[in-house]
Amino acid sequence: MARYTCSFIVSVPSEHLLALLVELLQDCQLDIQYHTAEYIIGREVPGNVPFPKLTTVEVLIDKSKSTETETRMSIVIKNEELPLQLDNYCRQMFELIKQAIESSRHWHLIESIAG
């Protein structure tokens, strides 16, 4: 199973971040399967890539360490393919979503830590 993680600190209140992240993930062609105030699961829609390559994105918004102006969040992007190549499909989706978060006009990125 391929799996990539990253943590971010962004300058936006946590109560606004959920809606912005849902929109961002939908713009990345992901279908939102589930969300709460602190957690989002998005998944690619079947049809464009083989089933084992369909990526799932999990976003955890850490409200316990949030302030009025900064929010921490972590993402996990995974699929069922074996990561036999460094530039596999899951890695490409990870880079796409990571770049979308880092360059979003809705917040200022304070810190990005790839895991």
Same hydrophobic cluster for [X] and [Y], using side-chain heavy-atom links shorter than 4.5 Å among ILVMFWY?
{"X": "Leu30", "Y": "Leu96", "value": "yes"}
{"X": "Leu60", "Y": "Val12", "value": "no"}
{"X": "Val59", "Y": "Val22", "value": "yes"}
{"X": "Val57", "Y": "Val76", "value": "no"}
{"X": "Leu20", "Y": "Ile75", "value": "yes"}

Task: Pairs flagged by ring-ring contact (aromatic ring centres under 6.0 Å, His included) wherever residues 63-100 is involved - sequence neighbours left out - done: Tyr4-Phe94

- [ ] Scan for salt bridge (Lys or Arg N to Asp or Glu O under 4.0 Å) pairs involving residues 1-10, sequence neighbours excluded, and state none if there are none.
- [x] none

Task: Residue pairs, two or more places apart or on separate chains, that pass salt bridge (Lys or Arg N to Asp or Glu O under 4.0 Å) and touch residues 65-91 - done: Glu58-Lys78, Arg91-Glu95

Would you please name every residue forming a side-chain hydrogen bond (donor to acceptor under 3.5 Å, both in side chains) with [X], sequence neighbours left out?
{"X": "Thr67", "answer": "none"}
{"X": "Thr55", "answer": "Glu44"}
{"X": "Asp62", "answer": "Ser64"}

Task: Heavy-atom pair with the smallest gap, counting every atom of Thr71 and Ser66 - done: CG2-OG, 3.4 Å

Open item on the list: Considering only residues two or more places apart or on different chains, which pairs with a residue in residues 10-20 satisfy side chain to side chain donor-acceptor pair (under 3.5 Å)?
Closed with: none

Task: Residue pairs fulfilling side chain to side chain donor-acceptor pair (under 3.5 Å) with at least one residue in residues 99-108, sequence neighbours excluded - done: Lys98-Glu102, Glu102-Ser112

- [ ] Quick one: pull up CG in Asp27 and CG in Leu21 and give me the separation to the nearest 0.5 Å.
- [x] 11.5 Å

TODO: Kindly compute the distance separating CD1 (Ile40) from CG (Leu25), expressed to the nearest 0.5 Å.
DONE: 6.0 Å

TODO: Show your working on side-chain contact (heavy atoms from CB on, under 4.5 Å) between Val45 and Gln29 and close with a plain yes or no.
DONE: CA-CA 8 Å; Val45 178; Gln29 307 305 311; over 6 Å; no

TODO: Identify, with sequence neighbours excluded, every residue that meets side-chain contact (heavy atoms from CB on, under 4.5 Å) alongside Ala19.
DONE: none

Task: With Arg43 via side-chain contact (heavy atoms from CB on, under 4.5 Å) - residues at least two apart - done: Gln33, Phe51, Leu54, Thr56

Open item on the list: Contact between Ile77 and Cys90 at the side-chain level, heavy atoms closer than 4.5 Å - yes or no?
Closed with: yes

Open item on the list: Is there a side-chain contact between Asn79 and Asn88 in this structure, where contact means two heavy atoms from C-beta onward sitting under 4.5 Å apart?
Closed with: no

Open item on the list: Suppose clustering is done on Ile, Leu, Val, Met, Phe, Trp and Tyr with side-chain heavy atoms closer than 4.5 Å. Which residues sit in the same group as Leu82?
Closed with: Leu84

- [ ] Could you list who else is in Ile110's hydrophobic cluster, with ILVMFWY side chains joined at under 4.5 Å, directly or through other members?
- [x] Ile9

